[in-house]
Amino acid sequence: MTGAALAPQDGIGAAERARFAALQAQFAASYTALFDDPGLPRTVVIVPSLSLDPEVLAKVSGVYHYEERMLCLLLLLRMPRTRVIYLTSTAISETIIDYYLHLLPGVPGGHARARLTLLSCDDASAAPLTQKILARPRLLGRLRAALAQGGPGHLSCFTVSELERRLALALGLPIYGCDPALSSWGSKSGSRRIFKEVGIDLPDGFEDLSDAGALTDALTELKRRRPELRKAVVKLNEGFSGEGNAIIDLSAAPDDHGLPQWLRDRLPDMAFEARGMSWEIFEAKLRGMGGIVEEFIPGHVKQSPSAQLRIDPLGRVDAVSTHDQVLGGPSGQIFLGCRFPADGDYRRDIQARGMAVAEALARKGVIGRLGVDFISVRDGPDWRHVAIEINLRKGGTTHPFLMLQFLTDGRYDPGSGEFLTPPVSRAATTRRTISKAAPIAD
């Protein structure tokens, strides 16, 4: 359900950080003029890289196909002076490309195809796409040559890690996304700190745990102050789509001085969400990236709603949507899909809490799309909402929602929770190809 980007790995220096900050500041300065006029020339470089921990990522079913999620952004070619450069690990079938281009309203396929550049690494290995790009000087040369043909450009990435920042510096382009220096706010521990800062409910638990000893101590304290607790959730800071989670059963835990050892002995037998995960791998990841422990929230009527938001380069926050997640896996923590919008009984509450989180992140300098996930339990007529994590990236619902916007010229109404489409007329149909309502790659 979440995935913080990879932590910095190459010791980027102060000069490089300053260069990146300058690129982002220049992007913010030009944002209003450029993004308010869809008729202006621009180039959008789409990098659908899942730059996350490779061992955790390898546990995600179907991860090889994730690079195709952002093909929805090919519909940016509806803007007649926009160029799109799309990078992938391996070449995408022209049949798939043609399918997307034929969805463009009022734009000849040939005209759109001439403004689209597809670049492939010809490398199906498990390494992150951005890492593959950076390792190929000739590909970078072709990318720079393609950039020279268009107007001002920016990177649109699925996740933004140190790798994406290195690519931005190599190309001299800004990123519409979170600076990797701020990515810790999208980790499990960072999420808990933000929720506390904002003052919204979160599960009882502990963050910033770095080894089995700290994990045992946290579980011991949690069980002692919550004797009725029957389960706890252990989460890796940079888990993705619920795959970095594990459940520990506390129902038979002793209530005497033997509790710490009892817990330590049972860590290898936790119920891991990821297929093929072992305690040895999990413990190594815990040491490398840290993690948290939280109470498992029980409830006969329980939902998993989420609020999606966007922070633009000027720090303004917009509500993008809400939805109820459809979850699966051994203990119901793996994202499978969603229902839009979230339940009307609590949609506004979830959205308001998400806005508060996004505004706090905006004050810290975060930009781009994000999601805030909750667990909601109904007790009689009322719902209790607890915030569980922040996703500082595009999510599993970004691409279908962008497709809906592109195909209908519609917009989400935060007040009603409805998706509204404009009146259709012959004149409107013509104007829709360059409509100001068209969503921007972010």
Side-chain angles (χ1 to χ4, degrees), residues 1-4 60 66 69 158-159 177-178 185-188 190-192 194-195 198 200-203 233 235 238-245 273 292 294 296-297 299 301-311 317-329 331-362 366 368-378 383-405 412-414 416-419 442:
M1 291 185 286
T2 194
V60 180
Y66 272 53
R69 279 184 167 190
F158 187 78
T159 56
C178 180
W185 296 115
S187 70
K188 303 298 193 299
S191 297
R192 287 182 58 86
I194 286 287
F195 299 150
V198 172
I200 59 178
D201 289 343
L202 70 163
V233 188
K235 299 179 181 179
E238 296 169 16
F240 180 80
S241 190
E243 301 280 357
N245 297 0
E273 289 293 326
I292 66 171
E294 293 181 333
F296 182 88
I297 305 294
V301 180
K302 185 164 64 173
Q303 298 279 22
S304 297
S306 180
Q308 287 66 56
L309 308 113
R310 177 176 52 229
I311 307 172
V317 179
D318 292 317
V320 173
S321 67
T322 64
H323 63 250
D324 283 315
Q325 299 182 88
V326 178
L327 303 177
S331 59
Q333 297 185 73
I334 294 179
F335 178 80
L336 300 178
C338 70
R339 295 183 295 271
F340 165 82
D343 192 300
D345 285 349
Y346 52 71
R347 182 193 61 77
R348 288 178 182 271
D349 292 335
I350 294 301
Q351 183 171 280
R353 287 167 169 80
M355 286 290 290
V357 169
E359 287 164 358
L361 291 166
V366 171
R369 287 184 180 259
L370 65 117
V372 185
D373 293 345
F374 299 82
I375 291 177
S376 299
V377 178
R378 189 167 65 190
W383 287 89
R384 176 198 175 204
H385 307 294
V386 291
I388 57 171
E389 54 197 41
I390 300 170
N391 305 307
L392 290 184
R393 56 170 174 81
K394 293 177 172 62
T397 60
T398 302
H399 54 297
F401 200 84
L402 280 175
M403 284 295 291
L404 177 64
Q405 288 183 294
Y412 172 69
D413 177 33
S416 67
E418 296 178 332
F419 188 86
D442 54 30

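Values below: every heavy atom of this structure, side chains too, minus hydrogens, waters and symmetry copies.
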Does [Y] offer a backbone N or O that forms a donor-acceptor pair with the side chain of [X] under 3.5 Å?
X      : Y      : result
Ser306 : Val372 : yes
Ser304 : Gln325 : no
Asn245 : Val233 : no
Ser321 : Gln308 : no

Looking at side-chain heavy atoms only, is the closest gap between [X] and [Y] below 4.5 Å?
X      : Y      : result
Asp201 : His385 : no
Glu389 : Lys235 : yes
Phe401 : His323 : no
Trp383 : Asp345 : yes

Please find the pair of heavy atoms, one from [X] and one from [Y], that lie closest to each other, and give the distance.
X      : Y      : answer
Gly395 : Thr398 : N-OG1, 2.8 Å
Ala342 : Arg347 : O-CB, 3.9 Å
Val317 : Ala362 : CG2-CB, 4.2 Å

Report the residue from Thr159, Val366, Ile311 that forms a side chain to side chain contact (heavy atoms under 4.5 Å, CB included) with Leu392. Val366
Can you name the one residue among Pro305, Ser376, Pro341 that meets side chain to side chain contact (heavy atoms under 4.5 Å, CB included) with Asp324? Pro305
Got a second to check how far [X]'s [atom1] is from [Y]'s [atom2], nearest 0.5 Å?
X      : Y      : atom1 : atom2 : value
Phe419 : Gln405 : CZ    : CD    : 5.0 Å
Ile390 : Leu370 : CD1   : CG    : 7.5 Å
Arg69  : Thr397 : CZ    : OG1   : 9.0 Å
Tyr66  : Lys394 : OH    : NZ    : 15.5 Å

The criterion is side-chain contact (heavy atoms from CB on, under 4.5 Å); which residues satisfy it with Ile375, sequence neighbours excluded? Ile297, Lys302, Val377, Val386, Ile388
Here's one to test your reading of the geometry: is the NZ or CZ of Arg192 within 45 degrees of the ring axis of Phe195 and under 6.0 Å from its centre? no
What donor-acceptor contacts under 3.5 angstrom involve side-chain atoms of residues 349-360, with partners at least two apart or in another chain?
unit_1	atom_1	unit_2	atom_2	d
Gln351	OE1	Tyr412	OH	2.6
Gln351	NE2	Pro414	O	3.1
Arg353	NH1	Asp349	O	3.4

